[in-house]
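Here's the structure we're looking at; comments come further down.
Positions are given from 1 along the sequence.
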Amino acid sequence: GQGLPNQTQPTLRPQNSGNYGLVVTDGFGCRDTMFAGYLTLLESPQINNLTTNAVCDGQAVSFTHTQQVNGSQGAVITGFHWDFGDQNMGQGNQTQHIYAQPGSYTAQLVITTNQGCSDSSTVQVQVNPKPQIAPLVLPDLCLGNAASFNPNVSLSNINQAQITGYTWDFGDNNGSSQSNPQHLYTSPGAYQGYLLVLTNHGCQDSLAFSQTVLSNPQLDSLVLESGCALALLDFQAFGNPGGGGSLSGTWDFGDGNSGLGFNVQHSYQQAGSYSVSYVVQDPSGCADTLNQTVQVLEKPEILSIPLPNL
């Protein structure tokens with residue numbers, strides 16, 4: 001075996017099996033030998049290439065590795081013990097584990113043989129946070145008004161996580177990559193949209209949302225009677241109220257006065273050209289407006305009537 005001279009309590013890490021003993025020599029060169037016995041070295045297992053994959057919160061981490069033992073002395077690997085670094089343990093050759101929280105963990109594998117020999121190896125595990133999208137509640141929208149999308153997205157900064165992308169599907173074959181987009185729908189209806197948020201680690205969250213676009217009441221025409229100042233003139237509105245409403249709306253006669261109803265009368269105090277508008281609004285708040293000009297003529301004035309002499 002190996003020799004360790006001049007040590008009374010040597011520590012030996014033998015490299016080979018063999019006979020080992022103690023030889024004592026005094027100052028006169030006399031010596032004595034004691035045979036300790038034959039030392040058999042058992043085979044140690046070896047872990048190679050312990051690896052894992054970075055995952056997103058809630059996903060299972062897969063651990064892979066290779067191991068070897070010669071087996072010439074009957075050694076067989078019989079135990080695989082895992083410490084996942086989050087106070088959870090596991091057994092088995094190949095294993096998976098789901099971490100409860102994002103973060104960085106140190107996992108350890110210890111393998112043992114039927115002869116009690118072991119080897120261990122560690123690996124760093126990265127569990128990245130996912131973005132969280134709060135429910136998106138959108139008010140009903142009148143056709144012609146742009147929809148504004150302002151999602152509430154939260155993300156932990158663990159492992160330097162950052163939001164890197166937004167993908168919107170508005171449900172009408174249009175989309176956007178902006179974080180807070182606006183969109184103008186061209187037809188009334190109930191649209192089913194979709195939002196996907198992505199981080200720099202490839203983690204994502206998605207959300208489905210609904211946007212209802214209402215039709216507006218439709219004014220077709222205004223019929224305004226022209227006439228003389230101080231005369232009572234007729235004003236009428238025609239169209240489709242839509243939405244279960246009526247055509248009853250508000251008139252602006254252009255002279256500082258207003259009126260209610262789709263069929264009204266109004267008189268002007270002075271002749272001139274007046275811009276008249278009519279606004280109709282349905283129960284949902286959707287509206288339509290028409291503008292038209294009315295001409296008011298001077299009322300003829302009789303200054304005097306000559307009377308014949310009788």
Side-chain angles (χ1 to χ4, degrees), residues 136-150 168 170-176 178 180-193 209-310:
L136 191 60
V137 180
L138 301 173
D140 292 347
L141 190 69
C142 298
L143 184 64
N145 293 334
S148 296
F149 300 93
N150 299 292
W168 291 90
F170 298 125
D172 63 347
N173 297 320
N174 290 287
S176 174
Q178 297 178 356
N180 300 96
Q182 290 188 329
H183 179 62
L184 186 64
Y185 290 91
T186 58
S187 300
Y191 295 91
Q192 303 301 314
F209 62 88
S210 298
Q211 175 67 76
T212 299
V213 180
L214 304 173
S215 59
N216 296 318
Q218 184 66 49
L219 289 173
D220 296 329
S221 63
L222 301 179
V223 176
L224 310 180
E225 181 184 7
S226 296
C228 298
L230 301 179
L232 202 58
L233 306 178
D234 290 322
F235 295 79
Q236 288 181 294
F238 295 91
N240 178 11
S246 73
L247 276 179
S248 183
T250 302
W251 293 91
D252 182 342
F253 297 117
D255 63 350
N257 293 292
S258 61
L260 297 175
F262 64 91
N263 189 355
V264 297
Q265 291 181 318
H266 181 63
S267 63
Y268 291 91
Q269 299 301 306
Q270 296 179 353
S273 179
Y274 296 90
S275 178
V276 178
S277 67
Y278 183 69
V279 179
V280 62
Q281 189 175 61
D282 66 17
S284 300
C286 300
D288 192 16
T289 303
L290 279 182
N291 297 280
Q292 192 169 317
T293 300
V294 64
Q295 297 294 332
V296 179
L297 306 175
E298 288 282 358
K299 181 180 180 180
E301 182 179 354
I302 301 175
L303 297 178
S304 66
I305 300 175
L307 296 177
N309 295 323
L310 298 176

- line: When every non-hydrogen atom of L222 is compared with those of A237, the smallest separation belongs to CD2-CB, 3.8 Å
query: Is any side-chain heavy atom of L214 closer than 4.5 Å to a side-chain heavy atom of T212?
result: yes
message: For the OG atom of S187 and the CG atom of D172, what is their distance to the nearest 0.5 Å?
response: 8.5 Å
message: Using side-chain heavy atoms (C-beta onward) and a distance below 4.5 Å, is F253 in contact with L233?
response: no
query: Quick one: CG on D288 to CG on L219, what's the gap to the nearest 0.5 Å?
result: 4.5 Å
- request: For Y185 and A147, indicate whether the former's side chain and the latter's backbone hold a donor-acceptor pair under 3.5 Å.
  value: no
field: Minimal non-hydrogen separation, C286 against S215, with atom names
entry: CB-O, 4.0 Å
query: When Y268 is tested against each of L230, L232, V294 for side chain to side chain contact (heavy atoms under 4.5 Å, CB included), which residue passes?
result: V294
statement: In short, G261 meets S248 closest at the heavy-atom pair CA-OG, 3.8 Å
query: Looking only at heavy atoms, what is the nearest atom pair of S148 and Q182, with distance?
result: OG-NE2, 3.0 Å
- prompt: When rounded to the nearest 0.5 angstrom, what is the spacing between CG in L184 and CZ in F170?
  reply: 11.0 Å
message: Quick one: does any side-chain atom of N216 pair with a main-chain N or O of L143 as donor and acceptor, under 3.5 Å?
response: yes
query: Going through the distances and angles, do L141 and Y191 end up as a side-chain contact (heavy atoms from CB on, under 4.5 Å)?
result: CA-CA 11 Å; L141 190 69; Y191 295 91; over 6 Å; no
message: Set out, in order, the CA-CA distance, both residues' side-chain angles and the distance that settles side-chain contact (heavy atoms from CB on, under 4.5 Å) for H266 and F235, then state yes or no.
response: CA-CA 8 Å; H266 181 63; F235 295 79; 3.7 Å; yes
Side chain to side chain donor-acceptor pair (under 3.5 Å) against N291, all qualifying residues, sequence neighbours excluded: none
For residues 269-280, please give each side-chain donor-acceptor pair under 3.5 Å, one per line with the distance, not counting sequence neighbours.
from : atom 1 : to   : atom 2 : distance (Å)
S273 : OG     : Q295 : NE2    : 3.2
Y274 : OH     : Q270 : O      : 2.9
Y278 : OH     : L247 : O      : 2.2
Y278 : OH     : G249 : N      : 2.6

- prompt: Using the ring of each side chain (for Trp, its six-membered ring), is W168 parallel, tilted or perpendicular to F149, with breaks at 30° and 60°?
  reply: tilted
- request: For E225, enumerate each residue passing the side chain to side chain donor-acceptor pair (under 3.5 Å) test, keeping only those at least two apart in sequence or located in another chain.
  value: none
Flag if over 12 foreign heavy atoms under 6.0 Å of CZ, F262: no
statement: Output for pair (D220 CG, N240 CG), nearest 0.5 Å, gives 7.5 Å
